[in-house]
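A, B, ... follow the sequence lines: proteins, then strands. Residue 1 opens every chain.
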Number of protein chains: 2
Amino acid sequence: MPPIDCAGYNCPVDATLDMIGGKYKALILWHLIDHTLRFGELRKLIPQATPKMLTQQLRELEENNLIIRTVYPVVPPKVEYTLSDLGNSIRPILETMYKWGADYLTQNGVTVNCSMKCPD
Amino acid sequence: MPPIDCAGYNCPVDATLDMIGGKYKALILWHLIDHTLRFGELRKLIPQATPKMLTQQLRELEENNLIIRTVYPVVPPKVEYTLSDLGNSIRPILETMYKWGADYLTQNGVTVNCSMKCPD
DNA sequence: CAGGATCCGAATCGATACTG
DNA sequence: CAGTATCGATTCGGATCCTG
């Protein structure tokens, strides 16, 4: 493992955090694994996020090329979100974090009764 | 704390993000791997963090039991920070994120020339 | 040496209302 | 349906000065 200016903002770990560290980003990505979803579906899956926040997070994920936004020129409007290849490549990170977090919560008496993709 | 629902803020991935997502937390944890460090040493390793921020992040890491703060009752004051077992257990996450981030940066033309523990 | 205290501007987040 | 626009509350982060 190669050198970089550790102190700088370009540490790989920080770069990763910048990509998925946003308020609802991990949740959005997780929901999109193996699922193409529409805006309204994401709203239902993540009700605590206001439309504004959801839009913002989705736009940032799109800018980072983690997700693909497809607009169908129909009425009523239809927009679908799906993971890009880059988005898919991040799956191992989410899974590693999921496992650690689940262990941690469990050991602290929190019952983890969902796979985080549960709201199905 | 009772069961959680996916949509709630207690998804394991979010719990993990809450623990290591702070401004300099990943960096601090990374530096502490295999190293016990004093406050002043951390300051030199992470010069972009003001003392205030560094203290704040360290306190939060301590509250989450990721690090151990040892105060030696001497003058001048001497305080050492070291990873707890829980802190050590998070290493795989940091490494997974490091690898993904390094690949990403590399593929985007950013030269990653340090191991993030480089400032040695 | 290792911080605490204080001030303040910037950024984030949320609730609500409105639109093509 | 899939967002915008606006406003206000909260939080974050940095600069500066102070202390046991």
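Residues satisfying the side-chain hydrogen bond (donor to acceptor under 3.5 Å, both in side chains) criterion with R59(B), sequence neighbours excluded, are absent altogether. In terms of the side-chain hydrogen bond (donor to acceptor under 3.5 Å, both in side chains) criterion, residue partners of E95(A) (sequence neighbours excluded) are, by chain and number, R91(A). Applying the side-chain contact (heavy atoms from CB on, under 4.5 Å) rule to V71(A) yields the partners R69(A), V79(A); only residues at least two apart in sequence or on another chain are considered. Evaluation of the side-chain contact (heavy atoms from CB on, under 4.5 Å) rule for I68(B) yields T70(B), T82(B), S84(B) as partners, not counting sequence neighbours. Considering only residues two or more places apart in sequence or on other chains, S89(A) meets the side-chain contact (heavy atoms from CB on, under 4.5 Å) condition with L86(A), W100(B). Every side-chain contact (heavy atoms from CB on, under 4.5 Å) that V74(A) has, sequence neighbours left out, goes to Y72(A), K78(A).
Within the helix from dC1(C)-dG20(D) to dG20(C)-dC1(D), the inter-axis angle between the opening and closing five-pair segments is 50°, rounded to 10°.
In the set dG13(D), dG3(D), dC1(C), dG13(D) carries the atom at the smallest distance from any side-chain atom of M53(B).
Nucleic acid contact class of R43(A) (heavy atoms, under 4.0 Å, all strands): none.
When every heavy atom of N88(A) is checked against every heavy atom of P92(A), the shortest pair comes out as O-CD, 4.2 Å.
Dashed line: the shortest gap from a side-chain N or O of Y24(B) to OP1 or OP2 of dC12(D) is not under 4.0 Å. Of the side-chain N and O atoms in R59(B), none sit less than 4.0 angstrom from OP1 or OP2 of dA2(C).
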Y81(B) vs L32(B), test: side-chain contact (heavy atoms from CB on, under 4.5 Å). Steps then yes/no. CA-CA 8 Å; Y81(B) 296 92; L32(B) 287 177; 4.3 Å; yes

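Applying the side chain to side chain donor-acceptor pair (under 3.5 Å) definition to pairs two or more places apart or across chains, those involving residues 20-29 of chain A are K25(A)-E60(A).
The 12-atom threshold is not exceeded at CG of D85(B), counting heavy atoms of other residues, nucleotides or ligands nearer than 6.0 Å.
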Contact letters for nucleotides 15-20 of chain D, in which S counts primed atoms plus P, OP1 and OP2 and B counts the base, heavy atoms under 4.0 Å: B----B

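Per the geometry, CG belonging to L58(B) stands 17 Å off P belonging to dC1(C), to the nearest Å. The separation between L54(A) atom CG and dC13(C) atom P is 13 Å, rounded to whole Å. The interatomic distance linking F39(A) (CZ) with dA2(D) (C1') rounds to 6 Å, in whole Å.
Near DNA chain D, defined here as any heavy-atom distance below 4.0 Å, the residues from residues 64-76 of chain A are R69(A), P76(A), listed numerically.
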